Number of protein chains: 2
Amino acid sequence: MNDIVKNIINKISPISDKSFLEIERLLEFETYAKGETFISKNKRNNNEYFVLNGICKSYLINPEGEEITISFFVENSILSPHSTRVSNNKSSYYFKALTELEVASINAVAFEKLMIDNLEIRNFGNAVLFKELQSKVEKEIGLASFTAKERLIAFRQKYKGLENLVPHTDIASYLGITNISLSRLRKDLLE
Amino acid sequence: MNDIVKNIINKISPISDKSFLEIERLLEFETYAKGETFISKNKRNNNEYFVLNGICKSYLINPEGEEITISFFVENSILSPHSTRVSNNKSSYYFKALTELEVASINAVAFEKLMIDNLEIRNFGNAVLFKELQSKVEKEIGLASFTAKERLIAFRQKYKGLENLVPHTDIASYLGITNISLSRLRKDLLE
DNA sequence: GACTTCCATTAACAATTGATAAAAGAACCT
DNA sequence: AGGTTCTTTTATCAATTGTTAATGGAAGTC
C-alpha cells in the first residue's frame with residue numbers, strides 16, 4: 001500500500017526515502033463503496049488523498065439538480081489539492097466513488113507543515129498544484145474552443161480505458177454534452 | 001492611488017491601516033498602453049497586480065494561433081493570484097491591456113512573506129485565491145452546462161458595461177462562441 | 001428465473017451554432 | 001478629408017447538438 005503511494009509521488013516529483021517516511025507516518029487508509037459520496041460540498045474536509053485503487057469523480061449540482069462532472073480520478077492519481085477544493089474548511093465540491101475505492105489520506109494541515117519544513121515535499125506539493133491548475137485550464141480551453149468530438153478524443157487520451165468503466169452519462173457531463181450526443185460521437189469515431 | 005488599492009483590498013477582506021502600511025510600502029505603479037501584452041507566457045513574472053484604471057484580459061493561444069480569452073480584469077479588481085498563473089517563475093498565460101491600463105504591483109515573494117507574518121494579509125490573500133478558484137469553476141460549469149445565451153447573460157451581470165468597452169471578438173472567445181453567434185445572441189436579447 | 005430499473009443506442013424533429021461571404025459602420029493613418 | 005483597415009452585423013447554407021421518444025441490452029432485486 002505504502003509502495004503505491006511512494007510510486008504515485010515519485011512519478012510526479014521524486015523524493016528521498018527519508019522524505020517519504022515523513023509522509024508515510026501520517027497516512028491513513030480508507031475504502032469507499034461504489035456510489036458513495038465521500039466528500040460533500042459545504043461539509044468539512046481536511047485531507048489530501050491518493051487513489052490506490054478504483055475510480056472516483058468530482059462533481060457539482062447544477063440549478064436543475066443534475067450532477068456536472070468536474071474531473072475523474074483513477075488509480076495512482078491524486079485528488080485535487082485541498083487548497084483548490086476547500087475554503088473555510090468547507091468543501092467546494094462533491095466526490096463520489098464510481099467503483100469500490102481505496103485511498104490513502106493525509107491530514108492537509110500536517111501535509112502543509114511538511115511542505116514548509118521539507119523542500120522535496122514542498123516541490124512535490126507544488127507540482128501537484130501546478131498539475132491541477134494546468135488540468136483545469138486545459139479543460140476550459142477544450143470546452144471553449146474545441147468541438148465535442150475533439151474533446152472526446154482528448155478525453156480518451158487522458159483517461160485510457162475509462163470509457164468502459166464509468167457511466168457514459170458522467171463522461172458526457174464531463175465533456176459538456178448530452179449522453180445522446182456522446183453516443184453519436186462514439187459511433188462516428190468507430191469508422 | 002494608494003486609496004484605490006486600499007479600497008480594493010477592503011472590499012474583499014478588510015484589513016487594518018497597520019496591515020495596509022505593510023503592503024503600501026511595497027507597491028509600485030505601472031502603466032501599459034492599449035494593446036500592450038504586459039505578461040507573456042513562459043516569461044518570468046514575479047508580481048501580484050491591482051488594476052487601478054482600465055481593462056485587461058488573460059488569454060492563451062490555441063493550436064490554430066487564435067487568442068482564447070480566459071478572463072477579463074476591470075478597474076478595482078485584482079489579477080489572478082501569482083500562484084495560479086505562474087509555475088517555475090514562468091507565466092502560464094498572456095495578459096494584454098485592452099485599454100490604457102494603470103496597475104499597482106507588489107513583488108509576489110514579498111507579498112507571500114507578508115501573508116506568512118500577518119494574519120489579516122493572509123486572510124486577504126486566501127480570499128483572493130478562493131475568489132479566483134470559484135470564478136474558474138463557475139466558468140467551467142457555464143461552458144459545460146449552460147447555453148451560450150445564458151452565458152452571455154451571466155457575463156453581463158459579472159462585467160457590467162464591459163460589452164461596449166472591449167472588442168466583441170474577445171467576449172465571444174471568453175464565452176466559447178464565434179463573434180457571429182455573439183452578434184445573433186445580442187440581437188435576440190434586444191427583445 | 002421473472003420482473004423491474006437503469007443505461008446506452010437509435011430515430012425524428014427542432015434549435016443552435018459554425019463557416020463563409022458580404023455589407024455597413026467605426027477607427028486609424030496620412 | 002480621403003483612403004485603408006478593422007469591427008460588427010447580416011445572410012445563407014451546412015453541421016452539430018439538444019430534446020423527446022422508443023428500443024435493446026445490462027444490471028439489480030426478489
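Here the structure is a predicted model, which is why all the values come from computation and not from measurement. Reminder, nothing fancy here: chain letters follow the sequence lines and each chain counts from 1.
- Judged purely by distance below 3.5 Å, without hydrogens or angles, the side chains of Tyr159(B) and Ser77(B) never pair a donor atom with an acceptor atom.
- Candidate nucleotides dT17(D), dT8(D), dT20(D) were compared by shortest atom distance to the side chain of His168(B), and dT8(D) ranks first.
- The nearest whole Å value for the distance from the CD atom in Glu163(A) to the C1' atom in dT9(C) is 14 Å.
- For Arg186(B), counting side-chain heavy atoms from C-beta on, the closest listed nucleotide (dA11(C), dT9(D), dG18(C)) is dT9(D).
- Nucleic acid contact class of Thr178(B) (heavy atoms, under 4.0 Å, all strands): sugar-phosphate only.
- Both cation-pi conditions hold for Lys139(A) and Tyr174(A): the charged atom is under 6.0 angstrom from the six-membered ring centre and inside a 45 degree cone around its axis.
- Residue Ser183(B) places no side-chain N or O under 4.0 Å from the OP1 or OP2 atom of dT8(D).
- Salt bridge absent: Glu132(A) and Arg85(A) never bring a charged side-chain N and a carboxylate O closer than 4.0 Å.
- When each of Lys34(B) and Gly176(B) is assigned the nucleotide of DNA chain C with its nearest heavy atom, Gly176(B) is the one assigned upstream, toward the 5' end.
- Following rounding to the nearest Å, Leu165(B) (CG) and dA26(C) (C1') show an atom-to-atom distance of 15 Å.
- Rounded to whole Å, the distance from CD on Glu64(B) to C1' on dA19(C) is 14 Å.
- Rounded to a whole Å, the NZ atom of Lys187(A) is 10 Å from the P atom of dT9(C).
- Atom CD1 of Ile177(B) and atom C1' of dT9(D) are 14 Å apart (whole Å).
- Mapped onto DNA chain D by nearest heavy atom, Lys149(A) and Ile180(A) fall at different nucleotides, with Lys149(A) at the one closer to the 5' end.
- One can find a donor-acceptor pair under 3.5 Å joining the base of dT12(D) and the side-chain atoms of Arg184(B).
- A donor-acceptor pair under 3.5 Å links the side-chain atoms of Thr99(A) to the main chain of Ile55(A), judged by distance alone.
- Rounded to whole angstrom, the span from the CD atom of Glu150(B) across to the C1' atom of dA15(C) amounts to 14 Å.
- One atom, CD1 of Ile171(B), and another, C1' of dT9(D), lie 15 Å apart when rounded to the nearest Å.
- Going from atom CG of Asn164(B) over to atom P of dT9(D) covers 10 Å, rounded to whole Å.
- Remark: the Ser16(B) side chain and the Glu120(B) side chain contain an N/O donor-acceptor pair separated by less than 3.5 Å.
- Of the candidates dA11(C), dA8(C), dT17(C), the closest approach to any side-chain atom of Ala148(B) belongs to dT17(C).
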